[in-house]
Amino acid sequence: MSMSIKQQLAAELGQAAGAALGVVPGDFQWQVTAANDPRFGDYQTNAAMLLAKVLRRNPRELATVIAGACEGLPACARVEVAGPGFVNFHLSDQWLGARLLGQQADPRLGVAAVPEPRRVVVDFSAPNVAKPMHVGHIRSTIIGDCLARVARFVGHEVITDNHIGDWGTQFGMILLGWKQSLDAARLETDPIAELLRIYREVNEHAKSDQAVLQACRDELVKLQAGDEENLAIWRRCVDLSLRQLREIYATLGVGFDHFLGESFYNDRLQPLVEDLLSSGLAEVSDGAVCVFFRDVPELADKPCLIRKQDGGYLYATTDLATIDHRISEWRADDIWYVVGAPQQLHFQQVFEVARRRGARAQMVHVAHGSILGQDRKLMKTRSGDNVGLREVLEEAVERARGVIDGKNPGLPEAEKAEVASIIGIGAVKYAELSQHRMTDYVFHWDRMLSLQGNTAPYLQYSYVRVRSIFRKLDDPGAELAAAVAAAPALADPAERVLALQLQRFAEVVPEVLDGFTPNALALYLHELARAFHSFFEACPVLKSDGPTRAGRLLLCDLTARVLRQGLDLLGIEVVERM
RNA sequence: GCACCCGUAGUUCAACGGAUAGAACGUCGGUUUCCGGAACCGAAGAUGAAGGUUCGAUUCCUUCCGGGUGUACCA
């Protein structure tokens with residue numbers, strides 16, 4: 001079982017200092033964090049200040065005792081007391097070098113597997129069928145995919161499920177439009193565009209014409225009652241839509257274990273509502289069936305509706321049935337919903353109802369902010385001028401292609417196309433993942449497709465630069481074998497900074513799941529790339545020799561692997577040349 | 001009304017309750033020893049307001065200001 005520096009230091013610190021101090025509460029958590037300023041050493045603990053409070057003793061005195069107890073640890077070259085009671089650890093170069101060897105030999109690059117794997121269902125993306133995906137869908141899709149990748153990597157059993165909107169009331173309008181004004185030829189060439197067109201047309205009419213609205217409802221009721229004609233049309237819509245959706249997911253490199261849409265749960269809704277009624281959790285109010293939360297103050301006036309007056313079901317109903325399925329069939333321990341922040345109340349209600357029915361799974365709404373239009377207003381689905389996701393991706397690849405043509409015209413044509421795709425898609429994904437998920441932002445092409453600064457191409461470029469070193473070696477295998485024969489000395493400050501940063505990978509990856517923050521990983525990788533570039537400027541590899549060269553090659557190999565693995569966790573690929 | 005989210009450099013974003021609030025873009029100034037300059041080094045520049053909690057607050061609590069979202073039969 002590998003431990004991060006943080007964990008190992010905390011464990012050794014607790015043992016050494018606990019013994020030296022004598023009286024420490026049994027449940028005290030010895031915390032160690034990476035120092036944020038080199039002057040404060042490499043790692044630090046504020047345990048003395050926390051203990052001072054419980055033990056009612058002077059924090060500096062405690063810090064002195066702690067520091068003294070840690071002096072002899074093999075990890076520490078120097079331990080200092082500073083400020084109001086910080087204990088700063090300066091790690092031993094030798095110890096750090098030895099850890100690098102361990103990391104190099106580890107296929108997991110030092111990241112520990114979770115001791116108790118859980119079965120986690122990740123629910124994300126969830127587009128509606130018969131509508132094109134627009135930029136707004138990118139967040140759920142990419143954040144969800146990243147969280148699933150990270151959860152898998154640290155050892156959880158992950159099930160990804162795309163809960164597509166394949167049964168909503170929008171089908172009333174689509175059915176009517178299909179029957180009245182479908183352009184069959186256009187349906188062949190661009191099905192989703194045609195479905196969107198008829199939907200919009202009917203929607204427009206329905207706004208001003210009650211009769212049209214009623215006709216839509218009638219079509220929907222027929223569909224829900226199992227009318228053969230409507231069911232056939234519906235199936236065809238779903239089929240055509242799924243085909244196009246899968247294309248986009250293939251482009252994005254996002255995969256799902258299941259596509260269990262809303263319709264999958266149709267015949268479970270009635271029993272579910274009856275069960276809730278008979279158990280007394282739900283009641284009839286104004287002809288609708290709802291669950292009241294009279295004992296929860298903030299929900300007291302916000303009941304959860306699970307059946308309409310007209311007998312129709314709502315999406316809370318479907319979501320409850322979905323939870324049942326995920327727990328009973330999949331034995332889910334955790335369910336993560338990567339869905340926009342506006343749905344907060346909905347999930348609060350649904351989770352509450354599920355808990356009252358005895359659901360034991362940990363259910364989390366991993367909320368994210370919105371993408372705003374140029375007018376700083378929410379990009380509404382029906383505003384008509386959403387930017388299509390496909391268009392964004394195409395433009396991204398095109399821009400990347402332009403840069404490649406300029407920078408590396410000699411690249412073979414096939415490789416150019418491949419690289420442009422990886423760079424372009426990577427840039428779009430990274431733009432999303434590198435910021436906190438709750439942040440709203442205004443959509444700008446340049447922002448999303450930027451290839452400069454803190455972007456995926458910067459990280460990919462770092463990878464390319466490392467790899468190009470290995471291409472220049474006569475015998476990379478032999479050189480690397482020699483490099484891992486001894487721990488690197490880390491004599492140059494830039495080497496040491498890079499080494500510390502490489503080691504932090506083990507700390508950062510698990511933390512992504514603590515607060516569902518892919519941006520923490522993105523930030524880390526950016527810092528790693530910067531540390532590498534600085535090292536690259538300061539420390540020649542190929543022109544060095546002996547142990548220096550061996551140590552630098554080791555750092556290069558680890559940098560390449562951590563970058564590739566880290567980017568992979570973000571869902572971003574690397575290339576060998578660009 | 002009630003609930004939730006967000007106010008940080010000119011701009012876009014960071015920061016488990018920790019020390020002098022970090023980056024990126026843009027601006028200004030550097031890098032002919034160099035393995036890919038899509039790079040590196042440096043400079044200027046910010047926590048909406050007021051209280052409170054404490055050794056210590058961008059972070060937690062209260063109030064206010066400003067923006068957004070949601071709130072019984074759409075999803």
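Remember, it's a predicted structure, so these values are computed and weren't measured experimentally.
A cation-pi arrangement is not found for A:Lys6 relative to A:Tyr43, the charged atom failing to lie both closer than 6.0 Å to the ring centre and inside a 45° cone about the ring normal. Stacking of A:Arg437 on the aromatic ring of A:Phe516 is not recorded, the 6.0 Å distance cut-off and the 45° axial limit not both being met.
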Show me the side-chain donor-acceptor pairs of residues 212-219 of chain A shorter than 3.5 Å, one per line, residues at least two apart or across chains.
unit_1	atom_1	unit_2	atom_2	d
A:Gln214	NE2	A:Asp218	OD1	3.2
A:Glu219	OE1	A:Lys179	NZ	2.8
A:Glu219	OE1	A:Asn230	ND2	2.9
A:Glu219	OE2	A:Lys179	NZ	3.4

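Listed pair A:Ser434 / B:rC13 fails the phosphate criterion, with no side-chain N or O lying under 4.0 Å from OP1 or OP2. One finds no side-chain N or O of A:Thr455 lying less than 4.0 angstrom from the OP1 or OP2 phosphate oxygen of B:rC25.
Looking at every heavy atom in both residues, A:Ala400 comes nearest to A:Gly424 through CB-N, 3.8 Å.
In this structure, A:Thr439 contributes its side chain and A:Gln435 its backbone to no donor-acceptor pair below 3.5 Å. Between the A:His134 side chain and the A:Gly136 main chain, a donor and an acceptor come within less than 3.5 Å of each other. Although no hydrogens or angles enter the test, the distance criterion places no donor-acceptor pair under 3.5 Å between the side chain of A:Lys302 and the main chain of A:Gln349.
Base contact: A:Met49 has a heavy atom under 4.0 Å from a base atom. Note on A:Tyr315: a base of the nucleic acid sits closer than 4.0 angstrom, heavy atoms only. At the heavy-atom level, A:Gln435 lies under 4.0 Å from the strands shown only through sugar-phosphate atoms. Backbone-only engagement by A:Asn519 is indicated by non-hydrogen atom pairs under 4.0 Å involving sugar-phosphate atoms exclusively. Here A:Val289 lies out of heavy-atom contact (under 4.0 Å) with every strand. Residue A:Thr33 is in base contact, counting any heavy-atom pair closer than 4.0 Å across all strands shown. Among the atoms of the strands shown, base atoms are found under 4.0 Å from some heavy atom of A:Ala288. Within 4.0 Å (heavy atoms only), A:Gln343 reaches at least one base atom of the nucleic acid. Residue A:Thr439 is in sugar-phosphate contact alone, with no base atom involved, counting any heavy-atom pair closer than 4.0 Å across all strands shown.
For the residue pair A:Tyr524 and A:Gln501, no side-chain donor N or O sits within less than 3.5 Å of a side-chain acceptor on the partner. Side chains of A:His533 and A:Ser462: a donor-acceptor N/O pair is present below 3.5 angstrom, by distance only.
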Can you tabulate the close N/O pairs, meaning under 3.5 Å, that link protein atoms to atoms of nucleotides 30-37 of chain B?
unit_1	atom_1	unit_2	atom_2	d
B:rC34	O5'	A:Lys543	NZ	3.4
B:rC35	O3'	A:Lys472	NZ	3.2
B:rC35	O2	A:Leu542	N	2.9
B:rC35	N3	A:Val541	N	2.8
B:rC35	N4	A:Phe536	O	2.7
B:rC35	N4	A:Cys539	O	2.7
B:rG36	OP1	A:Ser468	OG	2.2
B:rG36	OP2	A:Lys472	NZ	2.8
B:rG36	O2'	A:Tyr461	OH	2.6
B:rG36	O2'	A:Arg465	NE	2.9
B:rG36	O6	A:Met578	N	3.2
B:rG36	N1	A:Met578	O	2.9
B:rG36	N2	A:Met578	O	3.2
B:rG37	OP2	A:Arg465	NE	3.4
B:rG37	OP2	A:Arg465	NH2	2.0

Collect all protein-nucleotide pairs involving nucleotides 19-23 of chain B in which both atoms are nitrogen or oxygen and the distance is under 3.5 Å.
unit_1	atom_1	unit_2	atom_2	d
B:rA19	OP2	A:Asn36	ND2	2.9
B:rA19	N7	A:Gln44	NE2	3.4
B:rA19	N6	A:Gln44	NE2	2.8
B:rA19	N6	A:Asn88	OD1	2.5
B:rA19	N6	A:Asn88	ND2	3.4
B:rA19	N1	A:Asn88	ND2	3.4
B:rU20	N3	A:Arg39	NH2	3.1
B:rU20	O4	A:Arg39	NH1	2.7
B:rU20	O4	A:Arg39	NH2	2.7

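Looking at the side chain of A:Tyr441, the nearest of the listed nucleotides B:rC13, B:rA39, B:rA72 is B:rC13.
At a cut-off of 3.5 angstrom, counting only N and O atoms as typed in the model, there is a donor on one side and an acceptor on the other between the side-chain of A:Asn46 and the base of B:rG18.
Following rounding to the nearest Å, A:His137 (NE2) and B:rA75 (P) show an atom-to-atom distance of 16 Å. Rounded to an integer number of Å, the gap from A:Asp440 CG to B:rG68 P is 11 Å. Protein atom CE of A:Met438 is 8 Å distant from nucleotide atom C1' of B:rC6, rounded to whole Å. When rounded to the nearest whole Å, the span between OH of A:Tyr313 and P of B:rC74 equals 15 Å. Rounded to whole angstrom, the span from the CG atom of A:Asn128 across to the P atom of B:rA75 amounts to 10 Å.
For the C1' atoms, the distance linking B:rU71 with B:rC65 amounts to 24 Å, nearest Å. A gap of 34 Å separates the C1' atoms of B:rG17 and B:rG26, to the nearest Å. Going from the C1' atom of B:rA50 to that of B:rU69 covers 27 Å, rounded to whole Å.
The neighbour count for A:Glu283 CD, taken as heavy atoms of other residues, nucleotides or ligands under 6.0 Å away, is above 12.
Each of A:Glu262 and A:Lys6 lies near RNA chain B, and the nucleotide nearest A:Lys6 is the one positioned closer to the 5' end.
For residues 164-174 of chain A, there are no salt bridge (Lys or Arg N to Asp or Glu O under 4.0 Å) pairs, not counting sequence neighbours.
For A:Tyr313, there are no ring-ring contact (aromatic ring centres under 6.0 Å, His included) partners two or more places apart in sequence or in a different chain.
Consecutive Watson-Crick or G-U pairs involving RNA chain B, each under 3.5 Å on both distances, make up stems of three or more pairs at B:1-5 with B:67-71, B:10-13 with B:22-25, B:27-31 with B:39-43, B:48-52 with B:60-64.
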